[in-house]
Amino acid sequence: MSTKKKFPTRCVHEGEIKDTMYQGIVSPLFMSTTYPWFGGDAEKKPYPRYFNTPNQEFLSKKIASLENGEKALIFTSGMAAISTSIMANVRSGDHVIFQEDLYGGTRNFIKTEFDKYGIEYSFTKGLESEDFKNEIKDNTVGIYVETPSNPLLKIVDLKSVSSIAKQNSIWTMIDNTFASPVNQNPIDHGIDIVIHSATKYLGGHSDISAGAVVSTEENINLILNSAKNFGGNLSDYTVWLLERSMKTLFIRVREQTNNAKLLAKMLDENSNISKVYYPGLESHPSHEIAKNQMKGFGAMMSFDLNKDIDVYKFLKNLKVIKPGMSLAGVETTVNFPMKTSHGLLTQDERDNQGIGNKLIRLSVGIESYEDLYNDLDQAIKNSSE
Ligand SMILES: *Cc1c(COP(=O)(O)O)cnc(C)c1O
């Protein structure tokens with residue numbers, strides 16, 4: 001009989017530190033930055049920047065387990081996890097393929113850093129398997145994807161990308177932030193390295209900055225070699241807070257996902273909304289792929305307001321839902337990509353990417369979906385131009 005507990009149980013209990021002094025039920029917090037170099041457990045030489053203090057080591061077991069990986073590392077931000085994982089897996093002269101739709105920070109990292117180190121890259125022209133195949137060159141070492149993508153919730157077929165990579169003996173890396181481990185486990189679909197901005201769902205309360213990477217022990221040891229040099233470790237106190245947050249990961253994201261599914265359907269039927277982008281809708285072009293690789297469709301969605309609706313009036317009229325640049329907290333937030341994440345692009349670039357002037361991104365929280373729908377509906381009704 002397998003001893004691996006079910007997902008919700010692992011969210012609560014995996015990687016707990018036993019309180020051997022007082023038998024308290026919560027993991028103790030060890031804040032020491034120095035440990036003995038002889039006697040005791042001297043062989044381990046815990047040190048925060050070695051990513052091996054007790055709280056880092058134990059919480060990384062929980063994160064690895066929830067992604068069905070062997071080992072994990074915890075970072076101070078999602079970008080620290082992304083930049084360190086990529087830099088550990090490339091050298092000058094290598095070429096990496098990135099999907100066209102990428103988180104802005106990741107795109108910026110590639111565009112500002114790669115040239116300095118002589119690393120080549122290309123962005124795909126679309127998200128079909130052929131689009132990835134077309135970019136493979138003799139010096140390609142890896143493929144980096146992000147699905148569902150921001151802000152249009154486009155889907156990449158993980159099995160087909162991982163099989164292309166395996167045929168070419170190159171690595172695959174995914175930013176799994178939007179789905180969270182509750183809704184998608186990419187390692188099960190053949191992806192090698194899974195990254196999270198734990199600032200989002202893993203933290204879930206809009207009050208922690210953190211990141212994580214999960215893979216095989218071999219891959220994580222390779223990333224660790226670079227991580228020690230770049231030094232993006234998370235403070236043990238925040239590691240401990242992240243553990244507390246992650247105990248409720250399953251129930252939070254399950255509720256957020258259920259809310260999103262109901263809201264997407266209701267918004268899709270609202271005559272003041274011209275289009276809803278959500279992989280759970282049957283009308284989504286990649287609904288079938290999403291169904292095959294996701295356990296749930298996630299809690300992020302976007303929609304286009306009708307032409308005659310004033311976006312700023314709409315945003316001002318919202319009473320329950322708050323404007324928020326970031327996402328994934330227990331509170332529902334709205335973002336206006338044209339003015340925020342994609343504000344620096346030209347109108348042409350936005351048009352090419354399908355980022356319309358009435359596009360609203362919604363991060364669905366755990367409030368009652370009825371209150372959320374009513375709030376959106378009344379705000380729309382009172383926002384004609
Ligand atoms: C927020 C985010 C990141 C970056 O994470 P930080 O914790 O802000 O560094 C990366 N990818 C996605 C999809 C994100 O939403």
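All ligand and atom numbering here is 1-based and tracks the order in the structure.
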Show the atoms of ligand 1 that are less than 4.0 angstrom away from any heavy atom in [X].
{"X": "I82", "answer": "10 (C)"}
{"X": "E146", "answer": "13 (C)"}
{"X": "M79", "answer": "5 (O), 6 (P), 9 (O)"}

Inset, instruction - Taking atom types as modelled, find out whether D304 and S274 have a side-chain donor-acceptor pair closer than 3.5 angstrom. - result: no

Inset, instruction - Run the contact test for T106 against ligand 1 with a 4.0 Å cut-off on heavy atoms, strictly below, and give the result. - result: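 It does not, in that no heavy atom of T106 comes within the 4.0 Å cut-off of ligand 1.
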
Legend entry - Close approach of N150 to ligand 1, heavy atoms, under 4.0 angstrom: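 N150: no contact with ligand 1 (<4.0 Å).
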
Inset, instruction - Evaluate the side-chain proximity of V194 to I187: yes if any heavy-atom separation is below 4.5 Å, no if none is. - result: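 Side chain of I187 against side chain of V194, heavy atoms only: contact under 4.5 Å found.
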
Legend entry - Selected option - heavy-atom contact closest to atom 10 (C) of ligand 1, from Y103, Y201, F109: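 Selected option, by shortest heavy-atom distance: Y103.
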
Which residue and heavy atom of the protein sit nearest [atom], plus the separation:
{"atom": "atom 5 (O) of ligand 1", "result": "S197 OG, 2.9 Å"}
{"atom": "atom 2 (C) of ligand 1", "result": "K200 NZ, 2.4 Å"}
{"atom": "atom 7 (O) of ligand 1", "result": "T199 OG1, 2.6 Å"}
{"atom": "atom 13 (C) of ligand 1", "result": "D175 OD2, 3.4 Å"}

Inset, instruction - Indicate the ring-plane relationship of F98 and Y121, choosing parallel, tilted or perpendicular according to the 30° and 60° boundaries. - result: perpendicular

Legend entry - Y201-H196 aromatic ring centre distance below 6.0 Å: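 No: the rings miss the under 6.0 Å criterion.
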
Can the positive tip of [X] be found less than 6.0 Å from the middle of the six-membered ring of [Y], inside 45° of the ring normal?
{"X": "K295", "Y": "F7", "value": "yes"}
{"X": "K45", "Y": "Y50", "value": "no"}
{"X": "K61", "Y": "F58", "value": "yes"}

Legend entry - Polar proximity ligand 1 side, G78 side, N/O cut 3.5 Å exclusive: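 The answer is yes, given that G78 and ligand 1 share an N or O pair closer than 3.5 Å.
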
Legend entry - E282 atom CD, over 12 foreign heavy atoms within 6.0 Å: no

